[in-house]
Amino acid sequence: MQEQMRVPVPRAEGDRHPAEAAELAWTETGVVARCLADGRSLDADLVLWRAGASYSADEILRAVSSCRSADLRDAAETILINAAERTDKQAVLNIAAAFSDAAGTRT
């Protein structure tokens with residue numbers, strides 16, 4: 001059996017998630033990261049649902065970019081899925097346009 005490697009500091013202090021270390025544009029990124037780390041996925045899902053269902057296009061762009069920067073790719077996708085399910089199709093189009101503008105692909 002391999003001997004388990006010991007780290008000099010407790011995991012909670014020495015193994016920071018990128019959401020805690022990085023300067024992120026969306027303040028809820030840290031909340032989502034902590035909820036997921038603590039096994040509170042329903043709490044994280046609620047925050048992500050609210051973002052996708054009610055945020056403006058610019059706010060969604062900021063939230064998704066922040067989650068991706070923090071290596072929370074599933075969280076970013078959850079926001080986008082919830083945004084796509086909006087009944088206000090103009091809002092969905094505005095969100096798509098914001099991402100297109102950010103990528104520099106809009107003509």
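All values below were derived from every heavy atom in this structure, side-chain atoms included, with hydrogens, water molecules and symmetry-related copies excluded. Note that this is a predicted model, so its numbers are computed, not measured.
Remark: Ile79 CD1 to Arg68 CZ distance equals 9.5 Å, nearest 0.5 Å. With rounding to the nearest 0.5 Å, the separation of CD in Glu59 from CD1 in Ile95 is 10.0 Å. With values rounded to the nearest 0.5 angstrom, Leu72 atom CG is found 12.0 Å from Glu77 atom CD. Taking CD of Glu28 as the start and SG of Cys35 as the end, the distance is 9.5 Å to the nearest 0.5 Å.
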Do Val32 and Trp26 pass the side-chain contact (heavy atoms from CB on, under 4.5 Å) test, and can you show the C-alpha distance, the side-chain angles, and the key distance before you say yes or no?
CA-CA 10 Å; Val32 170; Trp26 185 46; 4.2 Å; yes
Identify every side-chain donor-acceptor pair in residues 39-52 under 3.5 Å, counting partners at least two apart or on other chains, and give the distances.
unit_1	atom_1	unit_2	atom_2	d
Arg40	NE	Asp43	OD2	2.8
Arg40	NH1	Asp38	OD2	3.3

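Summarising the geometry of Ala83 relative to Ile60, their closest heavy-atom pair is CB-CD1, 3.9 Å, with the distance given to 0.1 Å. Closest non-hydrogen pair, Lys89 versus Ala84, comes out as NZ-O, 3.8 Å. What you find for Leu61 and Ala102 is that their closest heavy atoms are CD2-CB, 3.8 Å.
A donor-acceptor contact shorter than 3.5 Å links the side chain of Ser69 to the backbone of Ser65.
Side-chain contact check for Val92 versus Glu85: every heavy-atom pair is 4.5 Å or farther apart. Side-chain contact between Phe99 and Val64 is present, with at least one heavy-atom pair separated by less than 4.5 Å.
Partners of Asp88 by side chain to side chain contact (heavy atoms under 4.5 Å, CB included), not counting sequence neighbours, listed by chain and number: Gln90, Ala91.
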